[in-house]
Amino acid sequence: MSQKIINPSTSVAPAKHSDSTGYDYTIGPQQTLPNAPSLSKATTSLPSVYNESLHASARNPQVSLAAYAFLFQELVTQARNASKSVSEIELRLHRNGYHLGIRLLELLNFRSSVSPGSKNFFKPGNSSQGVNVASSAFQEDSLAQGIANMKRRDLRMVEILQFIHGTVWSYLFGRVGDDLVKSSERENEFMIIDNSPLLTRFISSTNVQCDFFVCGIIEGILDSASFPCNVTAHSVPEQNFDQKVVFVVRFEPQVLEREALRS
Amino acid sequence: MSSSTNNTPVPSTSSKKSLKVFSDDIWKNKTAKINAELFTLTYGSIVSQLCTDYERDFAKVNNQLYSMGYNIGVRLIEDFLARTALPRCDSLARTSEVITICAFKVFLNVTPQVGNWSSNKDSFSLFLEENPLSEFVELPMDAAKELWYSNILCGVLKGALEMVQMDCDVWFVNDVLKGDQTTELRIKLNRVLKDEIPAGED
């Protein structure tokens, strides 16, 4: 070190400041740059989830439906083996889905803010290393822009339900939901309709409603968006769609109260 | 029989290439697909549920994942053979190609690398550069020591291979989630089971 450090007159030996990254009272405040060599070496040598891009085009987009069906079937089996009653199975599936929902809200909002018009925003992870380094400055620029243009949070019941019916459904199942209906009887009740649910396509039994997994996803999203509610699935077979499912969303009274204040 | 020499267990590159073209075609044109992230997240919720159910006894979680995989494997092979109509493999090297180039591609849309053949050619490793099961995943400190997060894959391979009369041991050697450089899965062939008529049938 070129700087001469004046130690306070204590008996404590000064810490070796070259390795230390924390605050050292014998030296006082130090400048630590985020790209200091010792730090960046530690973060780049380990493959870390935080270094990966969240942009949709950077990821492996699809797996086979068969693989998913096998996994989902094991999920249901696991729920069945651990439960004593049908409602308990459904509750467990619901809880499993809930964990997905709370993660999806933020991810999908982020993506819908950055995706349009910025094709080369975040290079795909598998592109050559050199390109990534060269364009990193450009990427930082567009990231800053993306945050500035971030999509506004959905504040109304209808908006957030449209988000689920549209964005979430096409993300999860590759198409938008078949209908979004407001109940004529109850103010707080909405219905999302799916004529041919993808996840339970290969499940014929009707005594356990496996679509409760999707209910969990919906409830997770709505809960983390501050729309506390209760979501249930009801199978309503029709002539052309014998697996048709209606997801009933019942908002808590305070959501309606808030909605009334805002209008 | 292929004319390959003994020290290169991989038969001919042309058969490998045609297998790749064949598998890519199945993936592209004949496979119904679903969002891989939904798959990842669903698996994540299964594992975390198991960790809670078994009160973070990760040895039990590993076993449970393995047996779930086994259940999948014994049924998945049927689906695989129906889709691909591939004939019986004439060597373990061929098996390794079918697993990596075809099976992993058709189901998970990834292609692991084969390597680390043992000297008597009865075991090999799969190196998973991409693993759709463990995207987004960071293991907590206590789990990183014991949990094999993707252990379900071992079970799947075990179950599927057993159904084509190959008695194998399948286990994880390394996992990037535990801080290793690679994700390595080991397959060891114990013996080829004989086709036996099930008891009670003549």
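Just so we're clear, the structure is a prediction, and the values are computed from it rather than from any experiment. Naming: A, B, ... by sequence-line order, numbering from 1 per chain.
Contact annotation: the side chain of A/R103 approaches that of B/L41 to within less than 4.5 Å [non-hydrogen atoms, C-beta and beyond]. Proximity of B/I34 to A/L198: side-chain heavy atoms (C-beta onward) are separated by under 4.5 Å at one or more points. Taking 4.5 Å as the limit, every side-chain heavy atom of B/L38 sits out of range of all side-chain heavy atoms of A/Y171.
Residue-environment remark: CZ (A/R250) exceeds the threshold of 12 foreign heavy atoms within 6.0 Å. At most 12 non-hydrogen atoms from other residues, nucleotides or ligands lie less than 6.0 angstrom from CD of A/E106. Within 6.0 Å of CZ in A/R175 there are more than 12 heavy atoms belonging to other residues, nucleotides or ligands. Counting heavy-atom neighbours within 6.0 Å of B/E129 CD, excluding the residue itself, gives a total of 12 or less.
The minimum heavy-atom distance linking A/F70 with B/F107 is given by the pair CE1-CE2, 4.4 Å. Residues A/S64 and B/V106 share a closest heavy-atom pair of CB-O, 3.3 Å. Listed here is the closest heavy atom pair of A/V63 and B/L108: CG1-O, 3.7 Å.
The CD atom of A/E74 lies 10.0 Å from the CG atom of B/L65; values are rounded to the nearest 0.5 Å. In this structure, CD on A/Q78 lies 6.0 Å from CD on B/Q49, to the nearest 0.5 angstrom. Summarising the geometry, atom CZ belonging to B/F136 is positioned 6.0 Å from atom CG belonging to A/L107; distances are rounded to the nearest 0.5 Å. Here A/L75 contributes atom CG and B/I46 contributes atom CD1; the two are 4.5 Å apart, rounded to the nearest 0.5 Å. Taken to the nearest 0.5 Å, the OG atom of B/S48 stands 10.5 Å off from the CZ atom of A/R95. Distance check, rounded to the nearest 0.5 Å: CG of B/N109 to CD of A/Q62 gives 7.5 Å.
With a 4.5 Å cut-off on non-hydrogen atoms, A/Y98 does not touch chain B at all.
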**Request:** Go through the steps for A/L71 and B/I152 under the test side-chain contact (heavy atoms from CB on, under 4.5 Å), then give the verdict.
**Result:** CA-CA 10 Å; A/L71 188 70; B/I152 198 166; 4.0 Å; yes
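Although no hydrogens or angles enter the test, the distance criterion places no donor-acceptor pair under 3.5 Å between the side chain of B/N35 and the main chain of A/L172.
When the heavy atoms of residues 73-84 of chain B are compared with those of chain A, the residues falling under 4.5 Å are B/R75, B/L76, B/D79, B/R83, listed by number.
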